[in-house]
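Accompanying notes for the structure given below.
Letters A, B, ... mirror the listed sequences (proteins, then strands); counts begin at 1. Keep in mind it's a predicted model, so treat the numbers as computed, not measured.
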Protein chains: 2
Amino acid sequence: MDEKDVRLREAAEKLALTLAQGGMQKTTARVMTALLFSQDDTMTASDLCEVLQISSGAVSGAVKQLIPTGIIERAPAPGSRRDHYRFREHAWATLMGSQNVLLATMGDAAAEGIKAAGRESTAGRRLDEMEDFYAFMQREMAALIDTWQERYDARHPSA
Amino acid sequence: MDEKDVRLREAAEKLALTLAQGGMQKTTARVMTALLFSQDDTMTASDLCEVLQISSGAVSGAVKQLIPTGIIERAPAPGSRRDHYRFREHAWATLMGSQNVLLATMGDAAAEGIKAAGRESTAGRRLDEMEDFYAFMQREMAALIDTWQERYDARHPSA
DNA sequence: CAGACTGTTTACAGATCTCTGAACACTCGA
DNA sequence: TCGAGTGTTCAGAGATCTGTAAACAGTCTG
């Protein structure tokens with residue numbers, strides 16, 4: 001039983017490292033993967049301090065970043081005075097969905113450039129393709145996530 | 001004519017700033033958007049130095065990061081001893097496609113965890129959803145990019 | 001209301017990153 | 001083969017980021 005936990009922790013740290021490489025804050029990533037790979041349904045701040053060997057301030061900061069993104073949430077814990085955090089149901093879909101604002105930003109930037117240069121110029125042609133691509137992606141990505149959600153719900157009847 | 005260029009440069013810097021916020025290297029982002037919003041087809045390293053007010057070393061570093069991702073490329077420039085850089089055709093599709101390795105990494109991490117914990121546990125159930133999601137996304141995303149490429153080519157006959 | 005228990009904020013220290021400037025390497029033409 | 005013109009690398013300075021420890025604030029219990 002303990003053996004399994006060690007392997008889970010290793011997998012968690014490994015993923016955290018990868019995500020950190022990709023621009024995510026290191027501690028934020030570690031907190032996220034700790035909750036993701038935890039065998040407990042929820043963890044308290046002090047649990048996270050202990051497992052990750054970091055201060056409470058660091059946990060507070062990481063949580064503050066993670067909650068607005070919809071990856072984790074505070075879980076109601078009647079009878080306990082400590083905050084309990086848990087990985088959110090369908091967090092991945094939420095996370096991927098939030099990419100849409102980035103896609104929109106890219107599209108807007110392209111539009112801005114086109115407004116300045118027109119479509120019939122060197123920059124204009126480049127930006128035209130860019131605008132088209134991101135508009136398409138924004139539309140289709142949202143649809144894709146919905147599709148997955150539906151299929152998943154159909155396969156896993158929650159009622 | 002000069003007025004337009006100023007607005008283009010502003011748009012470029014604005015997007016670079018946004019991308020930098022999102023984890024991208026600041027200088028790398030600036031080089032990328034400079035090429036993207038440029039009215040010239042290609043730019044030399046010294047062009048980039050001048051426009052962005054950075055050293056040649058910084059340009060070299062940024063280019064070194066940008067080329068492997070497929071966003072920019074060295075352009076053949078007969079008769080010139082300087083390297084000419086240009087934004088790649090269909091760079092966006094390439095860039096989005098490279099997200100697939102990230103999606104695969106996420107799927108692998110989930111599988112790793114499942115191997116350690118089994119599917120019938122608290123962590124196992126979370127990881128099962130994660131694995132399913134990323135497998136789905138990896139598959140469909142690739143298809144999506146192909147679809148766009150086909151449609152775009154159909155609309156813009158290159159021959 | 002006092003006191004214990006948590007979570008949050010903040011100044012500071014340590015680490016990390018990134019750019020610059022200069023040395024170095026390479027290529028081409030005379 | 002030399003020299004000019006470019007690109008690349010690297011040590012070091014400067015800036016940025018991040019975690020800690022401690023002070024602070026809020027909340028529940030007795």
Rounded interatomic separation in angstrom, taking NZ from K26(B) and C1' from dA15(D) | 9 Å
Give R30(A) one of three labels, base, sugar-phosphate or nothing, depending on what nucleic acid heavy atoms sit under 4.0 Å from its own.
-> nothing
Whole-Å distance between dT16(D) P and Q21(B) CD?
-> 13 Å
Using nucleotides 12-15 of chain C, report all nitrogen or oxygen pairs with the protein that are shorter than 3.5 Å.
none

In this structure, are over 12 heavy atoms from other groups packed under 6.0 Å from Q149(B) atom CD?
-> yes
By a strict heavy-atom criterion of less than 4.0 Å, which residues belonging to residues 49-66 of chain A are in contact with DNA chain C?
-> S56(A), G57(A), S60(A), K64(A)
Test side-chain hydrogen bond (donor to acceptor under 3.5 Å, both in side chains) on D108(A) and T105(A) and set out the steps.
-> CA-CA 5 Å; D108(A) 291 349; T105(A) 302; 5.6 Å; no
Salt-bridge criterion met for R7(A) and E3(A) (N-O under 4.0 Å) | no
Answer yes or no: is there a donor N or O on one side and an acceptor on the other, between the side chain of E131(A) and the main chain of A110(A), under 3.5 Å?
-> no
Flag the pair D132(A) and R155(B) as a salt bridge only when some basic side-chain nitrogen lies within less than 4.0 angstrom of an acidic carboxylate oxygen.
-> yes
Residues of residues 75-82 of chain B with a heavy atom under 4.0 Å from any atom of DNA chain D, listed by number, are R81(B), R82(B)
Any side-chain donor paired with an acceptor under 3.5 Å for T94(A) and R88(A)?
-> no
Using the ring of each side chain (for Trp, its six-membered ring), is H90(B) parallel, tilted or perpendicular to Y152(B), with breaks at 30° and 60°?
-> perpendicular
Applying ring-ring contact (aromatic ring centres under 6.0 Å, His included), run through Y134(A) and W148(B) and close with a yes or a no.
-> CA-CA 10 Å; Y134(A) 281 105; W148(B) 177 80; 9.2 Å; no
Within this structure, what is the CG-to-C1' distance between D83(B) and dC26(C), rounded to whole angstrom?
-> 12 Å
Is the backbone of A58(A) close enough, under 3.5 Å, to the side chain of S55(A) for a donor and an acceptor to pair up by distance?
-> yes
What integer distance in Å separates L48(B):CG from dT6(D):P?
-> 15 Å
Flag the pair E89(A) and R126(B) as a salt bridge only when some basic side-chain nitrogen lies within less than 4.0 angstrom of an acidic carboxylate oxygen.
-> no
Rounded to the nearest 0.5 Å, the CG atom of D40(A) sits from the NE2 atom of H84(A) at a distance of 10.5 Å
Given dC17(C), is OP1 or OP2 found less than 4.0 Å from the side-chain N or O atoms of Q25(B)?
-> no
